[in-house]
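Following this message is one structure expressed as structure tokens.
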2 protein chains.
Amino acid sequence: MGPKRQPTLDEVAARAGVSRSAASRVINNARHVSQAKRDAVERAVAELGFVPNPTARALATQQVGAVVLALSHHDPAQFTDPFFAQIILGVNAELEKTDLELLLVLANTTQGQARLQRILKSRRADGVMLMALRGDDPLAALADQHDVPVVFGGRPLHAEPRWYVDADNRGGSRLATEHLIGLGRRHIAVITGQMDTDAGASRHRGYLDAMAVAGLSPSRVEHGDFTEPSGAAAMTRLLAAYPEVDAVVAGSDAAAAGALRALKAHGRSVPGDVAVVGFDDLLTAQHTDPQLTTVHQPIHGLGREMAKMLLSLIAGEEPHPLILPTRLVRRASA
Amino acid sequence: MGPKRQPTLDEVAARAGVSRSAASRVINNARHVSQAKRDAVERAVAELGFVPNPTARALATQQVGAVVLALSHHDPAQFTDPFFAQIILGVNAELEKTDLELLLVLANTTQGQARLQRILKSRRADGVMLMALRGDDPLAALADQHDVPVVFGGRPLHAEPRWYVDADNRGGSRLATEHLIGLGRRHIAVITGQMDTDAGASRHRGYLDAMAVAGLSPSRVEHGDFTEPSGAAAMTRLLAAYPEVDAVVAGSDAAAAGALRALKAHGRSVPGDVAVVGFDDLLTAQHTDPQLTTVHQPIHGLGREMAKMLLSLIAGEEPHPLILPTRLVRRASA
DNA sequence: AGGGTTATTGGAAGCGCTCCCGGGCCCTAC
DNA sequence: GTAGGGCCCGGGAGCGCTTCCAATAACCCT
């Protein structure tokens with residue numbers, strides 16, 4: 001094992017022959033220190049390998065130096081979706097510019113939610129990013145209960161939080177549907193994501209928008225939960241109940257992949273018999289056969305913007321909610 | 001916003017009419033407190049909604065109440081692999097039983113590594129779990145540099161850390177290869193994962209083991225990096241350089257999926273022309289066409305065991321390194 | 001030259017908690 | 001009756017840092 005004990009600021013000060021206050025000013029890069037003392041302290045810091053103790057600093061400044069990313073997913077399988085990995089990557093990218101640490105809280109269980117509450121209540125973090133809320137999520141009220149900035153990733157179903165960043169789900173889904181209509185498809189079904197989710201509901205609404213504008217009656221809706229198996233199951237139900245289906249807009253790439261699988265199992269060709277569009281534009285959309293036409297949403301950017309927004313809140317600014325654009329990516333499946 | 005300031009232990013003590021020491025004893029559930037005072041304090045705690053300040057506690061006890069999970073992956077795409085999500089899930093499951101928080105550090109960039117160093121040096125965490133080391137990873141020496149317990153997930157390439165948990169990569173890969181041999185395949189190629197990784201190298205070695213035992217000469221090796229595209233590319237090279245190939249053992253499920261894709265593109269049937277086995281047994285192994293025969297490794301368990309081991313280290317015990325068993329899961333691709 | 005800024009400095013008071021210690025107290029054993 | 005040995009209990013000294021403050025020192029202007 002290495003050094004048993006880290007040097008303290010007092011030791012640095014002693015070695016540099018200055019007061020602790022002066023040493024503190026130097027390491028915080030504050031004013032009112034002569035160049036001579038500054039040099040002396042910096043030398044001592046280097047010689048001793050001093051690193052300020054964040055705990056002590058946190059206690060004194062009332063700033064923890066950490067933020068939490070709370071993910072309120074439905075089940076383990078969902079967390080496994082690369083979507084979350086991308087979010088984490090985005091958040092991390094932004095946080096790397098600062099010296100805030102990232103606390104990860106999986107708030108899907110009651111236990112996890114309690115933990116999040118505790119963290120906020122005891123001010124163990126300077127801010128929170130909250131993702132993927134279910135409609136009834138008790139966490140939605142979090143923002144008001146504690147004196148800690150909270151930014152939402154995606155909106156909760158029945159609330160408009162003060163600060164959030166979201167993708168243009170409705171617009172993207174509308175784009176996708178319009179594309180199918182433009183292709184001449186008329187029996188366009190939809191496989192939704194979880195409808196107790198704003199993303200799920202909004203994407204469905206986007207589909208309805210496009211159908212209404214085109215004067216088509218919404219054909220058929222099957223509910224899924226964004227996952228591959230749910231997409232496959234929904235597609236199977238769809239084929240049974242609505243065999244003339246010639247296009248489907250899925251709530252996610254995973255669901256679309258599931259639909260592809262089910263279509264193949266039933267001997268329908270894609271896009272020949274049935275055109276399919278996904279949503280997300282994950283890497284996996286390029287690994288399906290055929291490659292997936294899908295709605296691109298900037299997931300990494302979503303994570304980044306959440307972090308940015310939180311940082312600016314912590315800095316005392318007043319950022320505005322943000323809706324990131326989505327766009328259609330044309331590939332082979334539609 | 002909610003309550004501006006949390007009550008302190010002093011206020012609790014005052015309200016309960018006891019000394020701060022007594023109040024502290026109560027909330028720490030320590031001895032030497034009369035039932036009367038205990039009740040009084042507990043009432044005050046409830047009324048005030050007191051939650052002890054972890055920062056102050058950490059400063060006093062020299063225990064932070066947090067551990068870090070550091071992921072040293074190669075690139076963003078790799079982090080996106082559900083493998084990591086599973087690890088996180090496993091770690092989290094174990095941590096949920098305690099009141100330790102999870103600090104997530106993406107240590108793939110120089111910046112991330114520096115951050116990890118800083119965290120350790122300033123004792124911002126009580127322990128570290130370190131995953132997925134490249135061969136040359138400077139982080140491998142971490143364990144010796146600081147007075148903080150470190151457990152490795154997977155072994156670094158040229159070192160045997162004091163504490164680690166790993167899957168039986170070599171054994172699993174051998175199993176897979178033996179299975180192919182048992183199927184009567186004789187032109188068995190391998191698509192490796194990153195060879196500067198113990199997992200990559202060990203899986204390759206397992207393949208060699210099986211080939212040697214069967215008296216077969218290792219046919220052909222193409223190097224990949226565990227990812228889907230790398231698997232597809234490797235398979236394409238393989239088909240060109242070694243057209244008689246009738247089986248391939250891939251370094252991961254993703255690579256196997258890529259191989260499947262390439263095979264299909266070249267008009268080879270699976271498993272008819274070429275049998276394919278993967279490694280990992282992710283959910284996605286069931287979503288390929290055909291479903292993937294693969295080596296199951298308990299990823300979630302790996303995360304759990306890492307956390308367990310770290311907890312026991314923190315508790316001052318001396319756990320032993322752990323190698324988790326792998327097993328072959330037979331599906332359609334081989 | 002004198003009054004008024006403005007820089008620098010170290011002392012000391014916290015931040016909110018833990019935990020050692022010594023003083024009461026009561027009970028038991030001799 | 002009294003010396004020990006538990007239990008309770010509160011005082012107080014930290015944990016390592018920031019930051020306010022009062023005291024000097026240096027400097028500017030007219």
Side-chain angles (χ1 to χ4, degrees), chain A residues 3-42 44-45 48-66 99 118-119 121-124 126 147, chain B residues 3-42 44-45 48-66 99 118-119 121-124 126 147:
Chain A
K4 273 285 168 253
R5 217 178 52 80
Q6 282 294 314
T8 73
L9 188 56
D10 277 305
E11 300 175 63
V12 170
R15 176 158 196 137
V18 305
S19 72
R20 185 192 17 213
S21 329
S24 173
R25 276 179 218 120
V26 172
I27 68 165
N28 287 307
N29 202 15
R31 310 182 329 160
H32 305 307
V33 195
S34 64
Q35 192 57 43
K37 303 223 167 200
R38 194 175 288 275
D39 292 344
V41 171
E42 274 164 0
V45 164
L48 261 31
F50 171 78
V51 174
N53 179 320
T55 305
R57 180 175 277 181
L59 187 58
T61 60
Q62 305 284 58
Q63 298 225 7
V64 196
D99 45 10
R118 231 185 40 216
I119 290 181
K121 184 145 196 181
S122 62
R123 271 213 80 102
R124 212 184 163 129
D126 297 323
D147 184 26
Chain B
K4 273 285 170 253
R5 217 178 53 82
Q6 282 294 314
T8 73
L9 189 55
D10 278 304
E11 300 175 66
V12 170
R15 176 157 196 139
V18 305
S19 72
R20 184 187 26 205
S21 324
S24 173
R25 276 178 216 120
V26 172
I27 68 166
N28 288 307
N29 202 16
R31 308 181 329 160
H32 306 305
V33 196
S34 64
Q35 192 58 45
K37 302 222 168 199
R38 193 174 290 275
D39 292 344
V41 171
E42 274 164 0
V45 164
L48 261 32
F50 171 78
V51 174
N53 179 321
T55 305
R57 178 175 279 180
L59 187 59
T61 59
Q62 305 284 56
Q63 298 226 7
V64 196
D99 45 9
R118 231 184 40 214
I119 290 181
K121 183 145 198 182
S122 61
R123 273 213 80 102
R124 208 179 168 134
D126 297 323
D147 184 26

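First the proteins, then the strands, lettered A, B, ... as listed; each starts at 1.
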Any residue meeting side-chain contact (heavy atoms from CB on, under 4.5 Å) with A40(A), in chain and number order, not counting sequence neighbours: A16(A)
Global bending angle along the helix from dA1(C)-dT30(D) to dC30(C)-dG1(D), which compares the axes of five pairs at either end, to 10 degrees: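 If I round to tens, the end axes sit 40° apart.
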Whole-Å distance separating the CD atom of Q6(A) from the P atom of dC15(D):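 To the nearest whole Å, that distance equals 16 Å.
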E11(A) CD - dC15(D) C1' separation (whole Å): 13 Å
Heavy-atom closest pair, residues V12(B) and A44(B): O-CB, 3.7 Å
Integer-rounded Å distance: dC17(C) C1' and Q63(B) CD: 14 Å
Considering all heavy atoms, the nearest P7(B)-L48(B) contact: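 Here P7(B) and L48(B) meet closest at CG-O, 3.4 Å.
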Sugar-phosphate only, base, or nothing, as touched by S24(A) at under 4.0 Å among non-hydrogen atoms: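 Result for S24(A) = base.
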Separation of dC15(D) P from R123(B) CZ (nearest whole Å):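 So the CZ-P distance, R123(B) to dC15(D), works out to 16 Å.
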Rounded distance (Å) that lies between atom C1' of dT18(C) and atom CD1 of I27(B):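 Interatomic distance, CD1 of I27(B) to C1' of dT18(C): 9 Å.
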Integer-rounded Å distance: dC15(D) P and L9(A) CG: 14 Å
Base versus backbone protein contacts along nucleotides 8-15 of chain C [heavy-atom cut-off under 4.0 Å; B, S, -]: BBBBBBBB
Sequence neighbours excluded, every pair satisfying salt bridge (Lys or Arg N to Asp or Glu O under 4.0 Å) that has a member inside residues 16-38 of chain A: D10(A)-R20(A)
Residue pair Q6(A) / E11(A): nearest heavy atoms and the distance that separates them: O-OE2, 4.3 Å
Anything under 3.5 Å between a donor and an acceptor, one on a side chain of residues 50-60 of chain A, the other on a protein residue two or more places apart or in another chain? List them.
residue	atom	partner	partner atom	Å
N53(A)	OD1	T55(A)	N	2.7
N53(A)	OD1	A56(A)	N	3.1
R57(A)	NH2	N28(A)	OD1	3.2

For atom CZ of R124(B) and atom C1' of dG16(D), their distance in whole Å: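 Distance check: R124(B) CZ to dG16(D) C1' gives 14 Å.
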Sugar-phosphate only, base, or nothing, as touched by P52(A) at under 4.0 Å among non-hydrogen atoms: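 The answer is sugar-phosphate, as P52(A) gets under 4.0 Å only of primed atoms, P, OP1 or OP2.
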Separation of dA13(D) C1' from D10(B) CG (nearest whole Å):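 Between C1' of dA13(D) and CG of D10(B): 14 Å.
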Non-neighbouring partners of D126(B) that pass side-chain contact (heavy atoms from CB on, under 4.5 Å), sequence neighbours left out: Q63(B), V64(B), R123(B), I314(B)
